[in-house]
Peer 1: 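Sharing a structure with you now.
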2 protein chains.
Amino acid sequence: MPAATQITEKTYSIGQVAKMFDLSIPTLRYYDQEGLIPHLQKTPAGIRRFTQDNIDAVRVIGCLKSAGMPIKEIQIFMQKVEQGDATLNDRLAMFLRLKKQVEQQMQALQNTMDMIDFKCRYYGQAVQDGTEKYVKKQMPLSSLVLPSNNK
Amino acid sequence: MPAATQITEKTYSIGQVAKMFDLSIPTLRYYDQEGLIPHLQKTPAGIRRFTQDNIDAVRVIGCLKSAGMPIKEIQIFMQKVEQGDATLNDRLAMFLRLKKQVEQQMQALQNTMDMIDFKCRYYGQAVQDGTEKYVKKQMPLSSLVLPSNNK
DNA sequence: GCTTGACCTAAAGTTAGCTTTAGGTACTAT
DNA sequence: ATAGTACCTAAAGCTAACTTTAGGTCAAGC
């Protein structure tokens with residue numbers, strides 16, 4: 001064994017991380033300020049150094065955000081991450097809940113897509129006719145039935 | 001033929017429409033103010049009366065919003081609706097563009113779902129192990145490959 | 001030794017999309 | 001006629017998620 005077993009992990013500057021994720025530097029600082037990046041360290045001079053774990057956290061933030069989760073809730077999740085193994089159950093429960101929410105979002109987006117497809121057909125015909133007059137009666141919006149909300 | 005052919009279409013109050021779509025009354029007024037509801041009429045006393053067309057417009061607003069379209073753009077679209085048949089091409093083009101955007105959103109949401117599924121498996125194992133220690137090495141986040149961005 | 005570029009903090013500013021407030025009008029039933 | 005309910009406008013207020021501003025540190029290269 002070496003006398004000084006200091007495994008200095010590779011780290012990245014805030015600018016490098018910003019480019020990786022196409023985020024602005026102030027945004028990353030804001031995330032840090034809000035406690036969204038567990039265990040993010042600074043050099044004695046006060047410069048942030050991102051470890052792989054920190055980078056993974058930024059990736060998870062992106063995921064949670066695109067699932068529509070507000071910053072405050074992401075904060076709560078990251079606090080649980082900081083608390084270690086005692087919160088594993090909570091974190092699993094959180095992702096299971098999130099999965100259901102995202103399933104609903106996908107269904108909602110599919111409904112939106114159905115409406116858009118309808119409108120594409122509608123306006124496709126209207127453009128052919130040169131007027132909306134005929135298509136308006138033959139393809140009323142009411143002919144687009146919303147899918148039953150199966151629970 | 002009757003002497004006075006006044007086809008008085010059935011109309012709805014703002015409160016009724018609010019309930020139909022589960023929107024607040026101020027929200028509907030705000031939409032009207034922003035010009036999102038073409039041809040919305042008021043009684044001489046200034047009370048809004050929603051025709052079927054107006055109600056269809058509210059439904060379309062909901063669709064465009066859930067497609068992530070900002071109010072300002074919905075406004076532009078509704079202005080084209082008000083301009084009549086001359087803008088049919090524009091409106092078709094708009095929905096075709098929107099369709100592509102929503103396809104991308106669905107792909108993004110699928111990626112989010114993949115991450116969530118991964119985290120469910122990850123924390124499921126961690127909970128079984130009683131610690132994150134082992135699963136962290138065996139299932140690093142990097143093992144979740146992002147799908148190639150096929151154009 | 002001085003300029004350049006990347007970083008820092010604290011605090012104020014911005015934008016979207018509503019919501020709330022304050023004060024008033026108009027049918028509806030008792 | 002008066003109480004209640006639903007509607008109205010104009011304007012101010014609110015929240016989230018950043019962004020911008022102002023002023024400063026630090027290490028590297030010329």
Side-chain angles (χ1 to χ4, degrees), chain A residues 8 10-37 40-51 54-55 57-79 101 105 108 112, chain B residues 8 10-37 40-51 54-55 57-79 101 105 108 112:
Chain A
T8 41
K10 184 173 182 197
T11 61
Y12 300 82
S13 73
I14 196 168
Q16 291 174 311
V17 178
K19 271 175 199 158
M20 273 179 219
F21 291 98
D22 199 24
L23 292 172
S24 75
I25 289 173
T27 295
L28 281 171
R29 287 207 269 251
Y30 167 73
Y31 287 167
D32 181 29
Q33 197 177 289
E34 296 299 306
L36 265 45
I37 309 171
L40 177 53
Q41 307 272 70
K42 293 182 187 178
T43 66
I47 310 282
R48 274 168 269 249
R49 298 303 322 184
F50 288 72
T51 65
N54 298 147
I55 290 169
V58 174
R59 201 169 149 196
V60 172
I61 293 167
C63 162
L64 297 179
K65 268 178 53 68
S66 69
M69 187 179 284
I71 299 291
K72 289 254 166 89
E73 268 181 67
I74 300 177
Q75 188 187 101
I76 290 167
F77 172 74
M78 292 302 184
Q79 278 164 9
Q101 285 174 30
Q105 284 178 48
T112 298
Chain B
T8 42
K10 185 174 184 194
T11 61
Y12 300 82
S13 72
I14 195 169
Q16 291 175 312
V17 177
K19 270 175 198 157
M20 273 179 219
F21 290 99
D22 199 26
L23 292 171
S24 75
I25 289 173
T27 297
L28 281 170
R29 287 207 268 250
Y30 166 74
Y31 287 169
D32 180 29
Q33 196 177 290
E34 296 299 307
L36 265 46
I37 310 173
L40 177 53
Q41 307 272 70
K42 293 182 186 177
T43 67
I47 310 281
R48 274 168 269 248
R49 298 301 323 183
F50 288 73
T51 64
N54 297 146
I55 291 169
V58 174
R59 202 170 150 196
V60 171
I61 292 167
C63 162
L64 298 179
K65 267 178 53 66
S66 70
M69 187 179 285
I71 299 291
K72 289 256 166 88
E73 268 180 67
I74 300 178
Q75 188 186 100
I76 290 166
F77 172 75
M78 292 301 184
Q79 278 164 8
Q101 286 175 28
Q105 284 178 48
T112 298

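Each chain gets a letter, A, B and so on, in the order its sequence line appears, and its residues count up from 1.
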Peer 1: Considering just the side-chain nitrogens and oxygens of A:S24, establish if one lies under 4.0 Å of OP1 or OP2 belonging to D:dC18.
Peer 2: no
Peer 1: Report the nucleotide, chosen from C:dA16, C:dC7, D:dC8, that has the shortest atom-to-atom distance to any side-chain atom of B:K72.
Peer 2: C:dA16
Peer 1: Measure from the side chain of A:I25, starting at C-beta and using heavy atoms only, and say which of C:dG17, D:dA17, C:dC7 lies closest.
Peer 2: C:dC7
Peer 1: Give B:R48 one of three labels, base, sugar-phosphate or nothing, depending on what nucleic acid heavy atoms sit under 4.0 Å from its own.
Peer 2: sugar-phosphate
Peer 1: Does a side-chain N or O of B:K65 approach OP1 or OP2 of C:dA16 to a distance below 4.0 Å, or not?
Peer 2: no
Peer 1: Does the side chain of B:Y31 get closer than 4.0 angstrom to OP1 or OP2 of C:dG17 through an N or O atom?
Peer 2: no
Peer 1: For D:dA6, take OP1 and OP2 only and decide whether either is under 4.0 Å from a side-chain N or O of B:K19.
Peer 2: no
Peer 1: Could you please name the option among C:dC8, C:dG17, D:dA17 that lies closest to any side-chain atom of B:P70?
Peer 2: C:dG17
Peer 1: Measure the distance from OH on A:Y30 to P on C:dT9 and round it to the nearest whole Å.
Peer 2: 16 Å
Peer 1: Can you tell me how far the CD atom of B:E73 sits from the NZ atom of B:K65, to the nearest 0.5 Å?
Peer 2: 13.0 Å
Peer 1: Taking for each residue the nucleotide of DNA chain D bearing the nearest heavy atom, is the 5' side occupied by A:T27 or by A:A45?
Peer 2: A:T27
Peer 1: Can you check whether B:K42 has a side-chain N or O nearer than 4.0 Å to OP1 or OP2 of D:dT9?
Peer 2: yes
